[in-house]
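Report on the following structure.
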Amino acid sequence: ETPRLAATHLDEGEAQVQHSVQQFADTELLSLIDEMEQSQSIHKKVLEGLFENGFMGIEVPSHFGGAGLSFVESCIVIKELARVDPAIAGMKVRKYRNAIEDTSQACKGCRWIILLV
């Protein structure tokens, strides 16, 4: 089997991720950039769209409520968002736990926090 060069070829799933992010970035995100620049804040519609489309928590496994994307797919999300708005692409979402729990259980009481990097 010939090894795949991730930098030059996307598999079907990766291409679908790329298309989804491009659609969101070119429609939802692009239309609100000026407004966000003027208000110096993230528009609620953008934040909701990022979560609804699975572009937040991209590195978090799906069983913890994240997108569960591969490394290549997470790079695609960041690249395509950065093409339109680098500030949005720099957002990272992590989960934290309110109480000490066994990590093998479902993450009860988790909340999303946004870390801007």
Minimum-distance pair of heavy atoms, taken over all atoms of Val84 and Ile33: O-CD1, 3.3 Å

Of all pairs that satisfy salt bridge (Lys or Arg N to Asp or Glu O under 4.0 Å), the ones with a partner from residues 71-81, not counting sequence neighbours: Glu80-Arg83

Asn53 side chain to Phe55 backbone, donor-acceptor under 3.5 Å: no

Heavy-atom pair of closest approach, residues Ala82 and Ala89: N-CB, 3.4 Å

Considering all heavy atoms, the nearest Ile58-Ala67 contact: CA-CB, 3.9 Å

Set of residues satisfying salt bridge (Lys or Arg N to Asp or Glu O under 4.0 Å) with respect to Glu35, sequence neighbours excluded: none

side-chain contact (heavy atoms from CB on, under 4.5 Å) partners of Lys45, counting only residues at least two apart: Glu28, Leu32, His43

Contacts of type side-chain hydrogen bond (donor to acceptor under 3.5 Å, both in side chains), residue Thr27, not counting sequence neighbours: none

Atom pair NE2 (His19) and CD1 (Ile76), whose distance is rounded to the nearest 0.5 Å: 13.5 Å

Over 12 foreign heavy atoms within 6.0 Å of CD, Glu48: yes

Criterion side-chain contact (heavy atoms from CB on, under 4.5 Å) against Leu29, the qualifying member of Leu50, Val21, Leu81: Leu81

